[in-house]
Amino acid sequence: MQKQRPKHLDLAKIRLPIPGIVSILHRISGVALFFSLPLLIYLLHGSLSSAESFETYRAVVGNPLMKLVLLGLLWAYMHHFCAGIRFLFLDIHKGLELQTARATAKTVVAVSLALTVVLGVALW
């Protein structure tokens, strides 16, 4: 007998496993980092060019909304870095077993959040 496949997927009911979530977040964080490059280069230029532009830089970075944006970019970098290391191991066929893949995905999430908190508190 041929199974009836659903014609419309209910995306709210689909539950991705944690390795799938880490993979999607890796892609999202990479895109966010790519599109934030002009902002980061502007901030770097403002911090290095002159004393007046450094004061402008301090005023921009001192804004609480900008601090939240930079904290989000810090998380994106930490997650992208940690997940990238995980994917490098997967590329050489290490950690492909189901339990290991789930454990490393959970580790990526935990380590990236912990590093974001530690560095965010230090830089705030």
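Here the structure is a predicted model, which means the values were calculated and not measured.
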Hydrophobic cluster membership, Leu113 vs Leu119, 4.5 Å side-chain cutoff: no
So do the side chains of Phe87 and Leu90 get within less than 4.5 Å of each other, counting heavy atoms only? yes
Testing the basics here: between Leu16 and Ile21, what is the closest heavy-atom pair and its distance to 0.1 Å? O-CD1, 3.8 Å
Thr104 side-chain N/O to Thr100 backbone N/O, donor-acceptor pair under 3.5 Å: yes
Value rounded to 0.5 Å, distance of OH in Tyr57 from CG in Leu43: 6.5 Å
Considering residues, nucleotides and ligands other than Phe54, do more than 12 of their heavy atoms fall under 6.0 Å from its CZ? yes
Could you tell me whether the side chain of Arg86 and the main chain of Gly95 form a donor-acceptor pair under 3.5 Å? no
Would you mind reporting whether His79 and Val22 have side-chain heavy atoms less than 4.5 Å apart? yes
Mark yes when over 12 heavy atoms from residues, nucleotides or ligands other than Phe81 sit less than 6.0 Å from its CZ; otherwise mark no. no
Can you tell me if Ser36 uses its side chain to pair, donor with acceptor, with the backbone of Ala32 under 3.5 Å? yes
Can you hop from Leu123 to Leu73 via hydrophobic side chains spaced under 4.5 Å? no
According to a 4.5 Å side-chain heavy-atom criterion applied to Ile, Leu, Val, Met, Phe, Trp and Tyr, with indirect links allowed, do Val61 and Val69 form part of one hydrophobic cluster? yes
Applying side-chain hydrogen bond (donor to acceptor under 3.5 Å, both in side chains) to Ser53 and not counting sequence neighbours gives Ser49, Ser50
Contact check, side chains of Ser112 and Trp75, non-hydrogen atoms, under 4.5 Å: yes
Tell me if the NZ atom of Lys106 is crowded by more than 12 foreign heavy atoms within 6.0 Å. no
Hey, does the side chain of His26 reach the backbone of Ala83 with a donor-acceptor pair shorter than 3.5 angstrom? no
Once side-chain contact (heavy atoms from CB on, under 4.5 Å) is applied, do any residues pair with Leu115, and if so which ones, sequence neighbours excluded? Met78, Cys82, Val111
Smallest separation among heavy atoms of Pro19 and Ala101, with atom names: CG-O, 3.9 Å
Is any side-chain heavy atom of Leu70 less than 4.5 Å from a side-chain heavy atom of Met66? yes
Within the structure provided, determine whether Ile28 and Ile24 are in side-chain contact (heavy-atom separation under 4.5 Å). yes
Testing the basics here: between Leu44 and Ser47, what is the closest heavy-atom pair and its distance to 0.1 Å? O-OG, 2.9 Å
Other members of the hydrophobic cluster containing Val31, with the 4.5 Å side-chain heavy-atom rule, please. Phe34, Phe35, Leu37
